[in-house]
There are 2 protein chains.
Amino acid sequence: MTSSSAALSSSPSSAAASEGIAAAAIRRLTALTPLADADLTLLDTAADRALTYPVRHTFQTIGRPVADPLLLLQGWAARVRILPDGRRQFMSFYLPGDVIGSTHHAHPIASATVVAITECVACPAPAAPAGSGLAQAYAVGEALDEAYLLGHVVQLGRLNAQERISDFLLEIYERLSLAGLTVGGSFEMPLTQEMLADALGLTPVHVNRMIQQARRDGDLMWKSGRVLLRDPERTARTIGRLSPQVTGTQTMPQARVD
Amino acid sequence: MTSSSAALSSSPSSAAASEGIAAAAIRRLTALTPLADADLTLLDTAADRALTYPVRHTFQTIGRPVADPLLLLQGWAARVRILPDGRRQFMSFYLPGDVIGSTHHAHPIASATVVAITECVACPAPAAPAGSGLAQAYAVGEALDEAYLLGHVVQLGRLNAQERISDFLLEIYERLSLAGLTVGGSFEMPLTQEMLADALGLTPVHVNRMIQQARRDGDLMWKSGRVLLRDPERTARTIGRLSPQVTGTQTMPQARVD
DNA sequence: CGCTACTTTGATAGTGCTCAACCGGTGTGG
DNA sequence: CCACACCGGTTGAGCACTATCAAAGTAGCG
């Protein structure tokens, strides 16, 4: 039953068994695609086997076989790569409702290390019957994953520091909204500025300065682990962020595509 | 039979029917995983329906439904995103043996635009029988795709201009090697320096300067669309590049993973 | 109360960008 | 056959954004 055993750091403590522990994850999955009662039952059952993982727990390690997929119920995890000289890059983040280590088939070697950013609660991702809503939800989730990854590439390649921060926070805001984890435009941000820097390809110092400027400009509030975006939609338009939801209806400038 | 019809730019011209047109792609797929005769037959048959696509052909457009998957036989294609103000970012490249628009299931909306960088020859990707070598090859190919995408994130986030160029060329070198498209350490590079800049998050001018410096340092030769890397392995070690092949055996520094 | 981790500030350096022009090859049309 | 246009590569000068180094300020916590 213990899905991921050999952890480098500390190992998962036995589960917290309270109900509703999977609420956010379920909200997020149903937001992706409608789920039938059978799907919800699967999820509830799986949630009974949820475990709590401490901060820094390593879900999977680059170059080692991936374990069975986990459905993240609470907390944040991240895919990270550390260079030999210590430089660190966060490649993506897992939020409640995301599946860690989903591997439809493919070779079982992890292409990235996944660590818990905060304390996490996760359960084995229930196998989805072919054609079920749950299967569809997984599929959409994976597609979104890739879309976010592509977005991250654009962000790192072509946005300046200010834009990267806005774009990142907007993405998180969007994703947490799906899970019902935002309150009046604000949300919990467990990342330190240093981690944010390592996600955005910047220096902690510079991230700090840009955040302060955004604060001065009245674009955001960020205090004690909670972020409030003043006008998400305006900001999104300003930096030309295309949210996955909107993607479907948005056209690209025809200009240079060669 | 015409897999992708409504092209923004010019449309595919009817096929070149010569044999061996799929040689590179087949070499690459067999390098990923052993293929049975049945698989090879499937590929050969599919190759008969190959079409030639002109430069700038749009295989899929962001926000629009994806067509059936294509197996790229010859040429380069790329996933690209253009920002409203004209900034351009190449997110990944497709080389011979890669599948364009593979979508196991998932929602049919393209999360990126895919265009032909050079003239391309491609055929419908033959459906792989479950459990076949071909299915395995597809799976491994997709896993590699993601690994390269993750690598691209690290590259953009944490490598300097010099390192990005080296890393990129090494990746291409590796990938072309699998398809048998390298000759004595050299390979064809159809990208202009401007396109390279848009892949690496740099300016064409700066790319040019870094390339010249690499030339002066004796690290590479680049003339009339052909690149020769002097000592790929040394360079790879220098910038700490972990090639997917090696990934399986390499360990990460334990240091900071929090 | 003293840690420890995180944020903030200042001063300075440097990598990579911008703007602008020039060069060299190639293709095309007069 | 040569002039012209065009594209990609090259060069120069100056600047901006972001990094670096170092230290001080804050907040949560045992």
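Below, read A as the first sequence line, B as the second, and so on, with proteins coming before strands; counting in each chain starts at 1.
Partners of B/Q89 according to the side-chain hydrogen bond (donor to acceptor under 3.5 Å, both in side chains) rule, which considers only residues two or more places apart in sequence or in another chain, do not exist here. Among residues two or more places apart in sequence or in another chain, the side chain to side chain contact (heavy atoms under 4.5 Å, CB included) test is passed with B/S92 by B/R79, B/L149. Scored by the side chain to side chain contact (heavy atoms under 4.5 Å, CB included) test, B/V207 finds B/I165, B/Q193, B/L196, B/A197, B/L202, B/I211 as partners (sequence neighbours excluded). Take B/R226 and apply the side-chain hydrogen bond (donor to acceptor under 3.5 Å, both in side chains) test, not counting sequence neighbours, and it matches B/S186.
Between A/E194 atom CD and C/dT4 atom C1' the separation is 14 Å, expressed in whole Å. Note: CD (B/Q213) to P (D/dT11) measures 13 Å, nearest angstrom. Atom CD in B/Q193 sits about 12 Å away from atom C1' in D/dC7, given to the nearest Å. Atom CD1 of A/I211 is separated from atom P of D/dT18 by 14 Å (rounded to the nearest Å).
Applying the salt bridge (charged side-chain N to carboxylate O under 4.0 Å, His left out) test to residues at least two apart or on different chains, the pairs with a partner in residues 156-165 of chain A are A/R158-B/D198, A/E163-B/R87. Judged as a salt bridge (charged side-chain N to carboxylate O under 4.0 Å, His left out), the pairs with a partner in residues 211-222 of chain A (not counting sequence neighbours) are, in order, A/D219-A/R234. Each salt bridge (charged side-chain N to carboxylate O under 4.0 Å, His left out) pair with one or both residues in residues 147-156 of chain A, not counting sequence neighbours, would appear here, but there are none.
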Nucleotide N/O to protein N/O under 3.5 Å, stretch nucleotides 23-30 of chain D:
none

For nucleotides 14-18 of chain C, list the nitrogen or oxygen atoms of the protein found under 3.5 Å from its nitrogen or oxygen atoms, one pair per line.
from	atom 1	to	atom 2	distance (Å)
C/dG16	OP1	B/A161	N	3.0
C/dC17	OP1	B/T203	N	3.4
C/dC17	OP1	B/T203	OG1	3.3
C/dC17	OP2	B/T203	N	3.2
C/dC17	OP2	B/T203	OG1	3.0
C/dC17	O5'	B/T203	OG1	3.0

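Note: B/F168 and B/F93 have perpendicular aromatic rings, judged against thresholds of 30 and 60 degrees for the angle between ring planes.
OP1 and OP2 of C/dT7 both lie 4.0 Å or more from every side-chain N or O belonging to A/N208.
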